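All values below come from the heavy atoms of this structure, side chains included, with hydrogens, waters and symmetry mates left out. For clarity, every value in this text was computed on a predicted model and none was experimentally measured.
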Amino acid sequence: MAISAIARDITEQERAEETLRESEARLRRFYESGLFGMHYYKLNGSITGATTSFWR
């Protein structure tokens with residue numbers, strides 16, 4: 001009988017995922033705060049959408 005195992009340290013990967021989650025949460029709070037207007041546009045410069053704060 002034989003047993004084989006592969007072990008790897010995923011600490012760095014978990015740290016990177018947590019950093020990404022925190023960054024996304026900050027961006028979401030910023031976006032949902034409505035303090036700043038944002039608009040979305042295509043590369044040709046045409047606006048495709050905007051938050052209501054943008055038009056105030």
**Message:** Show every salt bridge (Lys or Arg N to Asp or Glu O under 4.0 Å) that has at least one partner inside residues 23-36, sequence neighbours left out.
**Reply:** none

**Prompt:** Is a salt bridge present between R21 and E18, judged by a nitrogen-to-oxygen distance below 4.0 Å?
**Reply:** yes

**Main-chain N/O of T19 paired with S23 side-chain donor or acceptor, under 3.5 Å** = no

**Message:** Can you list everything that forms a side chain to side chain contact (heavy atoms under 4.5 Å, CB included) with I10? Sequence neighbours excluded, please.
**Reply:** R8, Q13, E14

**Message:** Tell me whether T48 contacts the main-chain N or O of Y40 through its side chain, where contact means a donor paired with an acceptor under 3.5 Å.
**Reply:** yes

